[in-house]
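Chain A is the first sequence line, chain B the second, and so forth, proteins listed ahead of strands; every chain is numbered from 1. Computed from heavy atoms alone, side chains included, the values below leave out hydrogens, waters and symmetry copies.
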Protein chains: 2
Amino acid sequence: MPAIHLTVDIVVFHMLEDELHVLLVKRGYDPFKNCWALPGGFVEENEALDDAVIRELKEETSVTDVYCEQLYTFGGLGRDPRHRTVTVAYMALMPSDKQPQLEAGTDAADASWFKVKKLPKLAFDHADIVAYGMERLQNKLEWTTAGFKLLPKRFTLTQLQRVYESVLGRELDKRNFRRKVELLDVLDPLEKFDRSGSSRPARLYEFSEKRFEKLKDKGILFPF
Amino acid sequence: MPAIHLTVDIVVFHMLEDELHVLLVKRGYDPFKNCWALPGGFVEENEALDDAVIRELKEETSVTDVYCEQLYTFGGLGRDPRHRTVTVAYMALMPSDKQPQLEAGTDAADASWFKVKKLPKLAFDHADIVAYGMERLQNKLEWTTAGFKLLPKRFTLTQLQRVYESVLGRELDKRNFRRKVELLDVLDPLEKFDRSGSSRPARLYEFSEKRFEKLKDKGILFPF
DNA sequence: ACAAAAGTGTTTTTACTACACCCATGT
DNA sequence: ACATGGGTGTAGTAAAAACACTTTTGT
């Protein structure tokens, strides 16, 4: 059998202060020592790919139960200067109410969040992987309910709009956005309000899985 | 290093008699001896993933220069009863004017085309892979110019419509389809006609890469 | 009272759907 | 002359885009 090393790398997206961020770890060892890179690591022999992702996420953020999705497998020669390494890239959507404890893992000296608009130089071909993840997230946003997976359980419509704006990289019209959301009919309005701002309180909403399922039954798959 | 075997499997799509077909090979060895399976094989240590696909395609069909695209990596446990095997699935679009010579490869006793509507039982999880490929092709058809890659250089509008109908699995309105194609403005009409039928000859067209590039410059990315 | 974000409708434009007949050729 | 697939236009409907003011709270 050819000695091909198999790893997973994860683009973890997270909303901080109305801006989309990505989790990076500072590498403690060569190659690319002290360089920022995506969290990830080797796949074990008796471990499914998806389980490797869950394990790595837990090791580096102590967070479980986040949405994960496979992106693409990068298998060119010369990705890793030392070995032939093929990596299966994933993205994860971490809700903004989860408080990840960024722990220095085995081969990670440090970890922190970076705005997708201002990323440092990355190790390996990880810049390509992040770009691919962004593209996927942008597409998913318009076809699926991925946007809600970046928000806490209760959120305001403006928060939701900020997710869309930050991911798509452009401003959206408030009224058209809200009409579209209302038409979708997957949000439950609450009798609670966000009073954290210094202006008129904003109504809080919850995403309703039940209503979303009804849409699918009607054949209206992803009206977003 | 964990002993994980890495393979590629390819869903080769091809139009035959106005119907979408998939290439399958009959396995000569266990596991799944005499069972139909997707063409594919092990990735070599000094070979990029994409090159492995090209090599396998050439070995089994003697065809080169076809459009290939990575689909998904299947990495669950127990896919292969003997080893831990991770496979990177690809799809290929073979134009209907390429005449593949289906050769009995090293581990393929036989090879032939099957209508996607009437597939036999497949080895491993290859049925899942074909289903995934179909889904991808259907999506690509509406957003990209993938449809043209299944046709010969010169084709009639009806041929093009048959591709769409066969991939999407439903009939389309002739006039609406033709208006949409005209609006796209990526076809060059020729002063040649297809006289193979026993009725009025149909005008032949060529896909124009130049015009397609212009669309992209205008920001109209994929109007299909 | 004022600053700051929340909330709310209408019009215009554009894309999508449905639908029926004549045309050019081979046999 | 006739059978066969090629070729063409219009009207109705639904979705998308552009656009400005009033409301409610905290300070």
Side-chain angles (χ1 to χ4, degrees), chain A residues 15 17-19 138-139 141-143 147 151 154-166 168-206 215 218-224, chain B residues 15 17-19 138 141-143 151-152 154-166 168 170-206 215 218-224:
Chain A
M15 289 295 290
E17 331 244 309
D18 283 348
E19 272 215 66
Q138 287 174 354
N139 290 331
L141 213 59
E142 311 202 33
W143 295 97
L151 287 172
R154 295 170 173 184
F155 51 86
T156 68
L157 293 182
T158 301
Q159 272 181 292
L160 182 62
Q161 187 175 341
R162 293 287 173 270
V163 172
Y164 275 75
E165 290 176 332
S166 186
L168 297 177
R170 60 189 156 95
E171 296 198 339
L172 300 175
D173 181 272
K174 200 194 335 184
R175 281 171 290 186
N176 291 340
F177 181 80
R178 287 159 109 99
R179 179 177 32 254
K180 214 165 162 183
V181 171
E182 181 161 27
L183 205 71
L184 238 187
D185 193 37
V186 293
L187 295 190
D188 286 327
L190 304 179
E191 287 308 316
K192 310 227 168 196
F193 295 83
D194 174 9
R195 292 173 177 277
S196 66
S198 71
S199 73
R200 176 171 174 178
R203 183 176 291 275
L204 290 166
Y205 293 81
E206 279 183 5
L215 280 186
K218 279 193 225 166
I220 307 167
L221 266 182
F222 294 123
F224 241 93
Chain B
M15 290 294 290
E17 331 243 309
D18 283 348
E19 272 216 65
Q138 286 174 353
L141 212 59
E142 310 202 32
W143 294 99
L151 288 172
R154 295 170 173 183
F155 51 86
T156 68
L157 293 181
T158 300
Q159 272 181 292
L160 183 62
Q161 186 174 342
R162 293 287 172 269
V163 171
Y164 275 75
E165 290 177 330
S166 185
L168 297 178
R170 60 189 155 97
E171 296 198 341
L172 299 175
D173 181 273
K174 199 194 332 186
R175 279 171 292 186
N176 291 340
F177 181 81
R178 288 160 110 99
R179 178 177 34 254
K180 215 166 162 183
V181 171
E182 181 161 27
L183 205 72
L184 237 188
D185 194 35
V186 292
L187 294 190
D188 286 328
L190 304 179
E191 287 308 317
K192 310 226 168 197
F193 296 83
D194 174 7
R195 293 173 177 276
S196 65
S198 71
S199 74
R200 176 173 174 175
R203 183 177 291 274
L204 290 166
Y205 293 82
E206 278 183 6
L215 279 185
K218 279 194 223 164
I220 307 168
L221 267 185
F222 294 124
F224 244 92

Between [atom2] of [N] and [atom1] of [X], the distance in whole Å:
| X | N | atom1 | atom2 | result |
| --- | --- | --- | --- | --- |
| A:Arg203 | C:dA6 | CZ | P | 14 Å |
| A:Leu183 | D:dA14 | CG | C1' | 11 Å |
| A:Phe155 | C:dA6 | CZ | C1' | 16 Å |
| A:Arg178 | D:dC19 | CZ | P | 19 Å |
| B:Arg175 | C:dC23 | CZ | C1' | 15 Å |
| A:Phe193 | D:dT25 | CZ | P | 8 Å |
| A:Leu157 | C:dT8 | CG | C1' | 12 Å |
| B:Lys174 | D:dT4 | NZ | P | 14 Å |

> Is any side-chain N or O of B:Arg195 closer than 4.0 Å to OP1 or OP2 of C:dG26?
Replying inline: yes
> With a 3.5 Å cut-off and just heavy-atom distances, do the side chain of B:Arg179 and the base of D:dT10 make a donor-acceptor pair?
Replying inline: yes
> Side-chain donor or acceptor of B:Arg200 under 3.5 Å from a matching atom on the base of D:dT4?
Replying inline: no
> Taking the side chain of B:Asn176 as its heavy atoms from C-beta onward, which of C:dC19, D:dA18, C:dA5 lies nearest to it?
Replying inline: C:dC19
> Is a salt bridge present between B:Arg179 and B:Glu182, judged by a nitrogen-to-oxygen distance below 4.0 Å?
Replying inline: no
> What closest approach, in Å, do A:Tyr164 and A:Gly147 show between heavy atoms, and which atom pair accounts for it?
Replying inline: CE1-CA, 4.5 Å
> Taking B:Glu165 for the side chain and B:Leu172 for the main chain, is one N or O donor matched with an acceptor at less than 3.5 Å?
Replying inline: yes
> Where the side chain of B:Arg203 meets the backbone of B:Leu190, is there a donor-acceptor pair that is under 3.5 Å apart?
Replying inline: yes
> Considering heavy-atom distances to DNA chain C, does B:Pro201 or A:Thr158 have its closest nucleotide positioned more toward the 5' end?
Replying inline: A:Thr158
